[in-house]
Amino acid sequence: MADKYEQVLELAKRRGFIWNSFELYGGTAGFYDYGPLGAMLKRRVENIWRDIFVINEGYYEIESPTIGIEDVFIASGHVGGFSDPLTECQKCNEAFRADHLVKDIMDNPDTLGADELTKVLNKNNIKCPECGGKLGNVYEFNLMFKTSIGPGGKRAGYLRPETAQGMFVDFQRLLKFYRDHLPFGATQIGKAYRNEISPRQGVIRLREFTQAEAEIFIDPRDKTHPKFAEVADIVLNLYSQEGQAEGSSEKMSINEAVKKGIIAHEFLAYCLAMTYRFLMRVGVSPDKLRFRQHMKDEMAHYAADCWDAEILSERFGWVEVVGIADRTDYDLKAHAKQSETELTVYVSYDTPKKIERFAVKPDMGILGPMFKGKAGKIANALKALKPEELSADAIELTIDGEQIKIEKNAVTFETVCEEVHGENIIPHVIEPSFGIDRIVYSLLEHSYSEEEAEEEGEEDKTRIVLRLPAEVAPVQAAVLPLLTREELIKPANEIVKMLRKTGILVSFDDSGTIGRRYRRNDEIGTPYSITVDYQTLDDGTVTIRDRDSMKQVRAGMSNIADNIHELIYNGKSFEDAGKKI
RNA sequence: GCACCGAUGGUCUAGCGGCUAUGACUUUAGCCUUCCAAGCUAAUAACUCGGGUUCAAAUCCCGAUCGGUGCACCA
């Protein structure tokens with residue numbers, strides 16, 4: 001009866017992964033707490049993301065405020081576009097998008113405010129499409145949490161609805177940090193906030209959530225990727241625009257997808273590949289992952305191409321967990337306009353270009369004494385003239401309504417040949433954006449398994465196992481004395497110490513039978529259990545038990561820390577960890 | 001935000017006007033125990049919240065909150 005979501009959430013609650021926030025006061029929809037194990041799991045997922053994007057790709061991480069000022073979100077479009085004008089039927093209480101209702105009457109209802117929309121509704125006698133009842137006043141519902149900065153509440157602030165704007169706002173500083181070179185990227189892992197109208201689906205739609213975003217600034221004329229060859233052969237499950245029309249996804253190598261023009265360009269494809277590697281490494285099931293291309297009408301108007309990584313969940317179907325978009329120069333242009341600052345990169349040409357340019361040189365030695373304060377304005381006016389106007393016998397200008405005659409000898413002009421070494425361009429932005437909470441939930445769901453542990457002559461019983469990759473499991477090893485005896489507890493404690501010294505998160509458990517303790521650890525995904533028995537006292541060896549296979553090997557106690565480290569981080573196979581038992 | 005359904009120890013649940021509120025698992029303390037939750041002894045722990053009806057409410061009514069489902073919303 002209970003579906004997997006319920007089973008996973010029950011376990012998550014009971015064992016300290018995640019639970020609804022503010023339970024003490026009855027709980028609040030859209031907010032979840034990460035418990036001791038959940039916070040650790042999430043941290044490990046984030047650190048793998050860092051390993052890939054920050055360490056291996058070199059896109060340094062920044063940290064900007066979670067509160068943003070109004071200008072930022074005017075530029076991003078969130079102040080205007082992140083809200084919807086709603087109207088409710090007074091009779092049946094259905095809510096409708098007011099701009100949708102007047103779409104057929106108006107050309108551009110998006111530009112109207114709430115009051116104007118109310119007027120249009122009334123004037124045209126528009127009724128509730130459901131029951132024909134009267135519609136109420138239109139109000140704006142903005143999905144951003146609003147607050148005020150400083151006393152008096154005069155200055156508006158908003159909790160950021162995405163982390164991305166931080167990187168755009170810091171563009172100039174980042175450009176300098178990367179010594180004026182394209183491409184470069186910056187990342188941020190942090191909280192974002194959206195005041196969802198009615199969040200459902202548990203952890204899938206949150207009002208406060210964690211994003212990991214990279215903004216990679218590239219040369220718009222060159223969207224190749226230097227390391228493309230390394231990923232060209234990765235095969236992805238692609239659900240392209242055509243595929244969606246036919247309702248089928250297709251497995252294809254990245255190289256082929258770019259060649260066929262399914263993925264817009266190498267750089268975007270490379271990001272898909274990175275995303276794939278990341279999701280595989282943290283433990284998403286490969287058969288429950290697909291990359292879905294946004295349909296043309298679904299894509300933002302400025303986007304060149306956009307793909308979502310979607311993960312299959314038993315309860316929620318295909319869930320978007322990553323968005324990878326070529327946002328072109330939209331964001332930088334918007335911030336350039338709002339801030340009245342040029343946000344460009346100077347790019348040198350391979351070889352300087354020769355350009356013919358018409359140059360006007362007013363002789364300030366003559367104009368200055370003659371016109372005094374007006375000389376500057378006159379010089380500028382002269383520069384704007386065309387060759388034929390300048391070569392006339394007399395040059396007449398109108399400055400501030402005054403007719404002014406200029407002597408021919410006060411200005412010279414010529415066509416000059418110049419070498420241009422480069423130009424200022426607005427970079428394009430490639431943005432992979434990860435919803436960490438959804439990924440963490442998916443990991444729990446995908447790694448959760450119940451299996452019948454058959455023991456001869458005994459009844460069937462279920463074993464709950466979280467098959468998390470060793471690298472993300474919150475508790476990395478359990479140390480268990482076989483029996484509650486002082487002589488076994490002592491060496492066990494020594495092992496705990498050794499492991500902790502090397503940064504392994506280890507739990508010690510001597511309560512209950514050994515089987516019970518193995519099961520307790522299976523349930524939270526502890527990949528390895530180290531058991532101290534009487535043989536340990538004789539020859540200094542312990543057993544290591546593998547969570548997934550339940551197999552055991554016997555290995556030395558003195559180098560146990562290195563051994564476990566290799567198992568977790570270096571892909572050492574369990575068989576190589578010791579002697580088979 | 002609307003409609004329908006639901007809410008009892010950590011978890012799952014019994015009770016549907018009157019009990020000291022059922023049971024299981026978990027947990028804790030101890031015993032036992034030489035490798036996969038099953039033994040023994042004991043302990044801890046719950047009626048979502050606020051009103052109302054009634055001599056009496058976990059139980060009936062109203063409202064709120066949270067959760068589920070459908071509609072709407074979802075950069």
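Every chain is numbered from 1 and lettered A, B, ... according to where its sequence line falls, protein lines coming before strand lines. Everything quoted here is computed from the prediction, not taken from an experiment.
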Problem - side chain to side chain donor-acceptor pair (under 3.5 Å), paired with Q165(A), selected from H78(A), Q188(A), H335(A) - result: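 Answer after filtering H78(A), Q188(A), H335(A): H335(A).
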
Nearest-Å distance once atom [atom1] is located in both [N] and [M]:
{"N": "C12(B)", "M": "C71(B)", "atom1": "C1'", "answer": "32 Å"}
{"N": "C19(B)", "M": "A14(B)", "atom1": "C1'", "answer": "14 Å"}
{"N": "U69(B)", "M": "C60(B)", "atom1": "C1'", "answer": "26 Å"}
{"N": "U11(B)", "M": "A45(B)", "atom1": "P", "answer": "16 Å"}
{"N": "U13(B)", "M": "C2(B)", "atom1": "C1'", "answer": "32 Å"}
{"N": "A57(B)", "M": "G17(B)", "atom1": "C1'", "answer": "6 Å"}
{"N": "U26(B)", "M": "G10(B)", "atom1": "C1'", "answer": "7 Å"}
{"N": "G23(B)", "M": "G15(B)", "atom1": "P", "answer": "14 Å"}

Using distance alone, with no hydrogens and no angle criterion, decide if [X] and [Y] have a side-chain donor and acceptor under 3.5 Å apart.
{"X": "E213(A)", "Y": "T163(A)", "result": "yes"}
{"X": "D437(A)", "Y": "Y34(A)", "result": "yes"}
{"X": "Y158(A)", "Y": "E70(A)", "result": "yes"}
{"X": "Y59(A)", "Y": "E215(A)", "result": "no"}
{"X": "T541(A)", "Y": "D539(A)", "result": "yes"}
{"X": "N563(A)", "Y": "K572(A)", "result": "yes"}

Counting the atoms with a prime plus P, OP1 and OP2 as sugar-phosphate, which does [X] contact under 4.0 Å by heavy atoms, base, sugar-phosphate, or nothing?
{"X": "E162(A)", "answer": "nothing"}
{"X": "G202(A)", "answer": "sugar-phosphate"}
{"X": "T543(A)", "answer": "base"}

Practice task
Output yes when at least one side-chain N/O atom of T513(A) is less than 4.0 Å from OP1 or OP2 of A38(B), else no.
Solution key: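 It does, given that an N or O in the side chain of T513(A) lies less than 4.0 Å from OP1 or OP2 of A38(B).
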
Problem - R485(A) side-chain N/O to U33(B) phosphate OP1/OP2 under 4.0 Å - result: yes

Handout entry: Distance-only donor-acceptor test (3.5 Å): side chain R545(A), base C36(B)
Key = yes

Handout entry: hbond_proxy N20(A) side chain to C66(B) base (donor-acceptor, 3.5 Å cutoff)
Key =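 No pair found.
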
Protein-nucleotide distance ([X], atom [atom1]; [N], atom [atom2]), rounded to Å:
{"X": "E6(A)", "N": "C66(B)", "atom1": "CD", "atom2": "P", "value": "19 Å"}
{"X": "R554(A)", "N": "U34(B)", "atom1": "CZ", "atom2": "C1'", "value": "11 Å"}
{"X": "E23(A)", "N": "U11(B)", "atom1": "CD", "atom2": "C1'", "value": "12 Å"}
{"X": "L483(A)", "N": "G39(B)", "atom1": "CG", "atom2": "P", "value": "18 Å"}
{"X": "E10(A)", "N": "U11(B)", "atom1": "CD", "atom2": "C1'", "value": "5 Å"}
{"X": "M144(A)", "N": "C74(B)", "atom1": "CE", "atom2": "C1'", "value": "16 Å"}
{"X": "E451(A)", "N": "C36(B)", "atom1": "CD", "atom2": "P", "value": "16 Å"}
{"X": "E196(A)", "N": "C73(B)", "atom1": "CD", "atom2": "P", "value": "13 Å"}

Across all strands, who's sitting opposite [N] as a Watson-Crick or G-U wobble pair, both distances under 3.5 Å?
{"N": "C32(B)", "result": "none"}
{"N": "G50(B)", "result": "C62(B)"}
{"N": "C55(B)", "result": "G18(B)"}
{"N": "U27(B)", "result": "A43(B)"}
{"N": "C4(B)", "result": "G68(B)"}

Exercise for the section: Measure up the F145(A) and F31(A) rings against each other and bin them: parallel (under 30°), tilted (30 to 60°), perpendicular (over 60°). Expected result: tilted

Exercise for the section: Assess whether atom NZ of K191(A) is packed by more than 12 heavy atoms of other residues, nucleotides or ligands within 6.0 Å. Expected result: yes

Please list, pair by pair, any protein nitrogen or oxygen found under 3.5 Å from a nitrogen or oxygen in nucleotides 23-31 of chain B.
from, atom 1, to, atom 2, distance (Å)
U26(B), OP1, R516(A), NH1, 3.0
U27(B), OP1, R520(A), NH1, 2.2
U27(B), OP2, R516(A), NH1, 3.1

Problem - G30(A) or F209(A), whichever maps to the more 5' nucleotide of RNA chain B - result: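 Counting from the 5' end, the first nearest nucleotide belongs to G30(A).
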
Practice task
Please figure out whether F316(A) or K551(A) has its closest RNA chain B nucleotide nearer the 5' end.
Solution key: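 That would be K551(A).
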
Exercise for the section: Compare every heavy atom of P481(A) with every heavy atom of R517(A), then report the nearest pair and how far apart it is. Expected result: NH1-O, 2.7 Å

Completion exercise
Closest to the side chain of R315(A), out of U33(B), U69(B), C35(B), is U69(B)

Exercise for the section: Please tell me which of the listed nucleotides, C36(B), U34(B), G68(B), lies nearest to the side chain of L482(A)? Expected result: U34(B)

Practice task
Check step by step if side chain to side chain contact (heavy atoms under 4.5 Å, CB included) holds for R292(A) and W318(A).
Solution key: CA-CA 10 Å; R292(A) 187 181 72 82; W318(A) 288 100; over 6 Å; no

Pairs: protein N or O with nucleotides 46-52 of chain B N or O, under 3.5 Å:
none

Exercise for the section: Applying salt bridge (Lys or Arg N to Asp or Glu O under 4.0 Å), name anything that partners R545(A), two or more places apart in sequence or on another chain. Expected result: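 Per chain and number, R545(A) pairs via salt bridge (Lys or Arg N to Asp or Glu O under 4.0 Å) with D522(A).
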
